[in-house]
Amino acid sequence: MELNQAISGRRAVRKYTDQAIDERTIRCLIDAAIHAPNAVNQQPWAFTVVRDQNLLDRVSSEAKSHMLATMPETTHADHFRVELDDPKFQIFYHAPALILISAIAQGPWIVEDCALAAENLMLTAYAAGLGTCWIGFAQSFLNTSDGKNMLGLPDAWVSVAPIIVGHAKEVPSPVPRKEPNVRWIG
Ligand SMILES: Cc1cc2nc3c(=O)[nH]c(=O)nc-3n(C[C@H](O)[C@H](O)[C@H](O)COP(=O)(O)O)c2cc1C
C-alpha cells in the first residue's frame with residue numbers, strides 16, 4: 001500500500017470481529033513500531049500484549065470508574081461521562097488484542113518516542129488490513145499502581161499508548177479535518 005493511502009485511509013476502528021490476531025502479526029506490528037524516530041535513539045519503549053478478554057473486561061471496568069472519579073472538566077466531559085457510565089460500554093470495544101506501549105526509561109522525550117512508535121504501529125496495521133484505535137480512556141488508570149498491578153507492569157514504567165488491534169467489522173467513515181492553521185514566515 002502507498003504511504004499516502006495508509007495515512008489518509010487509516011481510521012479509529014470501534015467495531016471488531018472475534019477473529020484472533022496471531023503472534024506473528026503482532027510481532028510485525030511491533031517491528032514497525034520500533035523503527036520510529038526516537039530521541040537519541042534511546043528506544044525507551046516496551047510492548048505489553050493482552051489478548052485475555054476477561055482481563056480486558058476487568059481493566060475496562062476499573063478504568064471507567066477511575067476516569068469518572070478523576071476526570072477533569074473539559075469540553076467533552078459530559079459526553080464522556082454518559083459513555084463511561086454505561087455498563088454496556090467496554091473501552092476496548094471487545095477488540096481481540098491490546099498492545100500497550102510503555103515508556104521504560106527516563107528522559108524529556110519518552111512520551112513523544114512512544115507516540116511515534118504507536119503511529120507506525122497503527123499505519124502498518126492498516127496496511128495489513130487491520131483496524132486499530134488508541135484508547136486514551138485506559139491511559140490514566142494504567143498509570144495507577146492498581147492498573148500497573150493488573151497488567152504486571154513495573155512501577156517505573158509510564159503507560160503511553162494503549163492501542164487496540166483487530167479485524168474491523170465495518171469500515172468507519174472518514175472523519176473530517178479542519179483546515180490547518182498555517183503561518184508562513186518568509
Ligand atoms: C491520544 C488519543 C486518545 C484517544 N482515545 C480514544 C478513546 O479513549 N476512545 C476512542 O474511541 N477513541 C480514542 N481515540 C481515537 C480518536 O477519537 C480518533 O483518532 C479521532 O476521532 C480521529 O479519527 P480517525 O482516527 O478515524 O482519523 C484517541 C486518539 C488519540 C490520538
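Please read these numbers as outputs of a predicted model, since none were measured by experiment. Counting starts at 1 for both ligands and their atoms, following the listed order.
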- Message: Assigning hydrophobic clusters by single linkage (Ile, Leu, Val, Met, Phe, Trp, Tyr; side-chain heavy-atom cutoff under 4.5 Å), is V49 placed with I163?
- Response: yes

- Task: Would you mind reporting whether Q53 and L55 have side-chain heavy atoms less than 4.5 Å apart?
- Result: no

- Which ligand 1 atoms, with their elements, are less than 4.0 angstrom from a heavy-atom of R10? 24 (P), 25 (O), 27 (O)

- Under 30°, 30 to 60°, or over 60°: which ring-plane class applies to Y93 and F89, parallel, tilted or perpendicular? perpendicular

- Message: Among all protein heavy atoms in this structure, tell me which lies nearest to atom 12 (N) of ligand 1, with the distance rounded to 0.1 Å.
- Response: R14 NH2, 3.1 Å

- Query: Is there any N or O on Q139 that sits under 3.5 Å from an N or O of ligand 1?
  - Reply: no

- Between R177 and ligand 1, which part of the residue brings a heavy atom under 4.0 Å of the ligand: side chain, backbone, both or neither? side chain

- Reference residue K64; test side-chain contact (heavy atoms from CB on, under 4.5 Å); the match among D85, L84, D86: L84

- Message: Counting only heavy atoms from other residues, nucleotides and ligands, does the tally under 6.0 Å from CZ of R81 exceed 12?
- Response: yes

- Task: Take atom 15 (C) of ligand 1 and look for protein heavy atoms under 4.0 Å from it; say yes if you find one, no if not.
- Result: yes

- Going by the atom numbers of ligand 1, which of them fall below 4.0 Å from some non-hydrogen atom of G136? 3 (C), 4 (C), 5 (N), 6 (C), 7 (C), 8 (O)

- Query: Nearest protein heavy atom to atom 9 (N) of ligand 1, by residue and atom, and its distance?
  - Reply: Y93 OH, 3.8 Å

- Item | Any donor-acceptor N or O pair under 3.5 Å, side chains Q42, W109 | no

- Atoms of ligand 1, numbered as shown, that sit under 4.0 Å from any heavy atom of R11: 24 (P), 26 (O), 27 (O)

- Is the number of heavy atoms from other residues, nucleotides or ligands under 6.0 Å of D18 CG greater than 12? no

- Query: Should F137 be counted as touching ligand 1, given the test is an N or O pair under 3.5 Å?
  - Reply: yes

- Task: Among all protein heavy atoms, pick out the one at the shortest distance from atom 6 (C) of ligand 1; state its residue, atom name and that distance to 0.1 Å.
- Result: W134 O, 2.9 Å

- Where on C133 is there a heavy atom closer than 4.0 Å to ligand 1, on the side chain, on the backbone, on both, or on neither? side chain

- Query: Heavy atoms, side chains only, cut-off 4.5 Å: are V160 and I110 in contact?
  - Reply: no

- Among protein heavy atoms, which lies nearest atom 19 (O) of ligand 1, and at what distance? A12 CB, 4.0 Å

- Do V50 and W157 share a hydrophobic cluster, counting only Ile, Leu, Val, Met, Phe, Trp and Tyr and linking them when any side-chain heavy atoms are less than 4.5 Å apart? yes

- Compute the shortest N/O to N/O distance between V175 and ligand 1 and return yes if it is under 3.5 Å, no if not. no

